[in-house]
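Comments concern the structure below.
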Amino acid sequence: MSTIEQNLQRVYQQIRTAAQDCGRDPRQIILLAVSKTKPVTAIEAAIAAGQRAFGENYVQEGVEKIGWFRERSEGTGLIWHFIGPLQSNKSRLVAENFDWCHTLDRPQLARRLNDHRPAQRAPLNVLIQINISDEPTKAGIAPEDMLSLAALIAECPRLRLRGLMAIPAPESDFQWQLAVFKRMYDLYEALQRVHPGVDTLSLGMTDDMPAAIAAGSTLVRIGTAIFGARD
Ligand SMILES: *Cc1c(COP(=O)(O)O)cnc(C)c1O
């Protein structure tokens, strides 16, 4: 067994444990393997261990990896999530290549992703990124602007609104992590009341995954625990 396969097995087990601890069905939680800065050989090892969903932060790097796997049979059935900050001038590459975008946080980006999504592909799955810790320099919209952006996305035929994403300010205490994530869960429920198709709450990284699962996350984004530390 490769190290990456062992790591993946451990993370799957941690997801099961965290879910059981709070009475959730672990099958409700998708594991996104965050492969940013890691070589295609690392992704291949994860594929061999059964992983299919991958997250990338940098547009160019992600597009290159997607292209590499598109030409190979092992790439069949992979699902690519863009999870990094997105400049408007790179939105075309994301719309053309990825299956999901987690970082939609302004009206202009919604319009551009919609305009550039190729007609022959399924609509791009999008998540609204919320600035839940209210950090002035951070990406994401304020919670009070969520519903107006959601209404705009719902008008875009080439986008499919799937839910919310957040990257809280780092916090090591479980209860503090949980409190922030619960605010996200409340927003998620409020969004679902208006947009019943919403089914995804993207919360949790290597250092705060159990709290995210306890708060109701349906998709955890894990890099370090699978692929090791980044340079
Ligand atoms: C890098 C990154 C992750 C993964 O973080 P780890 O701590 O390595 O698990 C998850 N989400 C986003 C948005 C990231 O940029």
Side-chain angles (χ1 to χ4, degrees), residues 3-15 17-18 29-40 42-43 45-46 49 51-63 65-66 79-87 90-91 93-94 98-106 109 113 124-133 135 137-141 162-174 176-178 180-181 184 187-188 200-231:
T3 309
I4 287 174
E5 178 166 7
Q6 287 172 5
N7 290 346
L8 267 170
Q9 297 304 336
R10 197 180 55 245
V11 173
Y12 292 135
Q13 184 55 49
Q14 287 166 346
I15 291 172
T17 304
I29 300 150
I30 291 168
L31 172 59
L32 182 66
V34 177
S35 45
K36 64 180 178 209
T37 79
K38 298 295 178 182
V40 290
I43 298 174
Q51 181 65 26
R52 291 292 174 268
F54 292 92
E56 290 284 337
N57 282 59
Y58 309 104
V59 177
Q60 203 57 46
E61 179 190 339
V63 168
K65 288 174 178 169
I66 292 169
I79 302 168
W80 293 96
H81 294 240
F82 184 76
I83 63 172
L86 183 53
Q87 295 167 280
K90 301 264 177 69
S91 56
L93 284 169
V94 169
F98 283 84
D99 302 293
W100 288 69
C101 176
H102 289 220
T103 49
L104 213 179
D105 64 356
R106 52 197 192 274
L109 205 46
L113 289 169
L124 181 69
N125 297 292
V126 297
L127 303 178
I128 294 174
Q129 184 178 359
I130 306 282
N131 184 354
I132 195 65
S133 305
E135 297 171 280
T137 58
K138 273 285 174 65
I141 59 161
R162 298 294 295 270
L164 300 178
M165 177 270 208
I167 312 168
E171 170 61 62
S172 56
D173 180 71
F174 179 90
W176 276 102
Q177 293 172 349
L178 188 63
V180 175
F181 285 142
M184 280 298 297
L187 289 170
Y188 177 62
T200 303
L201 182 58
S202 167
L203 291 180
M205 313 190 353
T206 294
D207 289 332
D208 56 14
M209 187 180 83
I213 290 173
S217 169
T218 70
L219 184 153
V220 291
R221 309 178 308 262
I222 307 297
T224 307
I226 298 171
F227 296 112
R230 290 175 295 273
D231 291 337

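Atoms within a ligand are numbered from 1 in the order they appear, just like the ligands themselves. We're numbering straight along the sequence, starting at 1.
In the vicinity of Ile222, heavy-atom distances shorter than 4.0 Å reach the ligand 1 atoms 9 (O). With ligand atoms numbered from 1 in the order given, ligand 1 contributes 4 (C), 6 (P), 8 (O), 9 (O) to contacts under 4.0 Å with heavy atoms of Gly223. Atoms of ligand 1 found under 4.0 Å from any heavy atom of Ile83, numbered from 1 in the order shown, are 11 (N), 12 (C), 13 (C), 14 (C). The contact set between ligand 1 and Ile167, taken as ligand atoms under 4.0 Å from a residue heavy atom, comprises 13 (C).
When all heavy atoms of Ala53 and Gln51 are compared, the closest pair comes out as O-NE2, 2.9 Å.
In this structure, CD1 on Ile226 lies 11.0 Å from CD on Gln9, to the nearest 0.5 angstrom. In this structure, CE on Met209 lies 8.5 Å from CD1 on Ile29, to the nearest 0.5 angstrom.
Taking the six-membered ring for Trp and the full ring otherwise, Phe54 and Trp80 have centroids separated by under 6.0 Å.
Residue Arg230 places a heavy atom less than 4.0 Å from ligand 1.
Atom 8 (O) of ligand 1 has Thr224 OG1, 2.5 Å as its closest protein atom, hydrogens excluded (heavy atom only). With hydrogens left out, the protein atom closest to atom 11 (N) of ligand 1 is Arg221 NE, 2.8 Å, a heavy atom.
Among Leu124, Ile83, Thr200, the single residue meeting the side chain to side chain contact (heavy atoms under 4.5 Å, CB included) criterion with Trp100 is Thr200.
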Side-chain donor/acceptor pairs under 3.5 Å, residues 164-171, sequence neighbours excluded:
residue: Glu171; atom: OE2; partner: Asp173; partner atom: N; Å: 3.3

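Between atom 14 (C) of ligand 1 and the options Met165, Met209, Met205, Lys36, the minimum heavy-atom separation is to Lys36.
Counting heavy atoms under 4.0 Å from ligand 1, residue Thr206 touches it through both backbone and side chain. Under 4.0 angstrom from ligand 1, there are no non-hydrogen atoms of Asp207.
With sequence neighbours excluded, the residues forming a salt bridge (charged side-chain N to carboxylate O under 4.0 Å, His left out) with Lys65 are Glu56, Glu61, listed by chain and number.
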